[in-house]
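Report on the structure given below.
Everything numeric in this text was worked out from a predicted model, so none of it was measured.
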Amino acid sequence: NSSHNTYLEGHQLKGTSSCEAYIRALLQGCRCIEIDCWNDTLREDINVYHGHTLTTKLYFTEVITTIRDYAFRTSLHPVIISIENHCSPANQKLMAKKFLDIMGDMLCKENLVEKEGRERLPSPIELQGKIILKGTFKKKVKAAMATFPCEVRNIYCQIQVPCLFPFRQV
């Protein structure tokens with residue numbers, strides 16, 4: 001099961017965004033959910049909402065804490081978080097740090113596609129209890145990655161490079 005605009009409770013142009021929408025999707029067995037991430041100019045966090053619309057906003061920290069708390073209540077199969085990333089390099093670095101701090105060992109920390117010597121992708125059973133990040137690499141932030149601490153850079157690369165799907169640059 002997959003969910004697009006998981007955070008929305010109603011109309012995609014003017015609806016309410018809610019952590020309850022993530023809870024409902026996960027409790028109904030959804031294994032692929034979406035987070036639309038945008039810069040927050042008022043505080044050091046990231047907004048989650050349907051950009052350029054009148055939908056209400058959630059804070060990234062609340063969203064990923066909710067996902068952590070409900071991801072494996074109905075199934076141990078992995079949860080894929082599809083990240084629609086509209087954040088600055090600084091906020092992408094913050095996003096990676098928050099994923100590490102909040103998800104901890106639940107977070108799949110290896111690139112599942114580009115691992116050297118791998119002959120096949122791991123099965124869902126091998127990835128039980130893991131949260132997998134899926135996103136796209138943005139050329140404009142490549143240079144900034146060199147300044148990131150190693151652990152943050154590894155997760156940041158997962159946010160940018162699809163972990164399960166072929167690499168593409170945007």
Side-chain angles (χ1 to χ4, degrees), residues 2-8 12 17-23 25-26 30-53 55-72 78-115 127 129-170:
S2 179
S3 172
H4 177 68
N5 293 339
T6 310
Y7 48 86
L8 284 178
Q12 72 173 1
S17 302
S18 165
C19 283
E20 276 68 35
Y22 284 100
I23 294 170
L26 290 166
C30 190
R31 300 287 89 195
C32 184
I33 56 180
E34 181 181 49
I35 305 176
D36 289 11
C37 301
W38 296 81
N39 292 319
D40 183 337
T41 56
L42 300 177
R43 63 180 245 180
E44 191 177 298
D45 206 339
I46 296 126
N47 287 321
V48 175
Y49 73 107
H50 199 218
H52 309 296
T53 67
T55 60
T56 59
K57 298 175 183 177
L58 299 171
Y59 290 120
F60 180 76
T61 303
E62 293 173 53
V63 169
I64 65 171
T65 300
T66 298
I67 294 168
R68 178 201 64 200
D69 293 347
Y70 288 87
F72 303 108
V79 170
I80 299 169
I81 298 176
S82 178
I83 301 165
E84 188 175 305
N85 188 354
H86 302 277
C87 291
S88 66
N91 274 343
Q92 291 180 49
K93 182 178 177 181
L94 177 64
M95 190 187 314
K97 183 171 180 352
K98 286 180 183 270
F99 269 122
L100 285 166
D101 292 347
I102 293 170
M103 299 293 189
D105 290 337
M106 295 170 118
L107 192 63
C108 181
K109 296 180 179 107
E110 65 176 302
N111 187 312
L112 299 177
V113 171
E114 297 178 357
K115 186 171 182 178
L127 293 169
K130 291 294 183 186
I131 293 173
I132 301 167
L133 304 179
K134 177 177 82 79
T136 53
F137 180 81
K138 298 190 190 276
K139 291 178 186 177
K140 64 183 177 183
V141 295
K142 189 174 184 178
M145 286 174 45
T147 66
F148 295 178
C150 184
E151 188 175 40
V152 171
R153 187 170 53 245
N154 289 344
I155 294 302
Y156 179 84
C157 287
Q158 282 194 43
I159 292 170
Q160 300 306 318
V161 179
C163 293
L164 293 177
F165 307 104
F167 175 77
R168 67 183 175 91
Q169 289 188 333
V170 292

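L94 has its side chain within reach of I46: a pair of non-hydrogen atoms, C-beta onward, lies under 4.5 Å apart. M103 places a side-chain heavy atom less than 4.5 Å from the side chain of I81. With a 4.5 Å cut-off on side-chain heavy atoms, I131 and C108 do not count as touching. Looking at H86 and N39, their side chains never come closer than 4.5 Å, going by heavy atoms from C-beta outward. Between I64 and M95, every side-chain heavy-atom pair lies at or beyond the 4.5 Å cut-off. T65 is not listed as a side-chain neighbour of F60, based on a closest heavy-atom distance of 4.5 Å or more. Using a 4.5 Å heavy-atom threshold, the side chains of L133 and L107 count as touching. Using a 4.5 Å heavy-atom threshold, the side chains of T61 and K98 count as touching.
Not less than 6.0 angstrom separates the ring centroid of Y49 from the ring centroid of Y59.
Proximity of a side-chain donor or acceptor of E34 to a complementary backbone N or O of S82 within less than 3.5 Å is not detected.
Taken to the nearest 0.5 Å, the CD1 atom of I83 stands 9.5 Å off from the CD atom of Q92. In this structure, SG in C87 is found 14.5 Å from NZ in K93, a value given to the nearest 0.5 Å.
Residues L58 and S17 come closest through the heavy atom pair CD2-O, 3.6 Å. Looking at every heavy atom in both residues, D105 comes nearest to K130 through O-NZ, 2.6 Å. Here the closest non-hydrogen pair linking C30 and I33 is SG-CG2, 3.9 Å. Contact between K109 and G104 at its shortest, heavy atoms only, is NZ-O, 3.0 Å.
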### Pair N91-D40, side chain to side chain contact (heavy atoms under 4.5 Å, CB included): steps then yes or no
CA-CA 9 Å; N91 274 343; D40 183 337; 5.7 Å; no
### W38 and K57: CA distance, side-chain angles, deciding distance, side chain to side chain contact (heavy atoms under 4.5 Å, CB included) verdict
CA-CA 10 Å; W38 296 81; K57 298 175 183 177; over 6 Å; no
### Residues V79, Y70; criterion side chain to side chain contact (heavy atoms under 4.5 Å, CB included); working and verdict
CA-CA 10 Å; V79 170; Y70 288 87; over 6 Å; no
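Residue R31 is tested with I132, I80, L26 for a side-chain contact (heavy atoms from CB on, under 4.5 Å); the sole match is L26.
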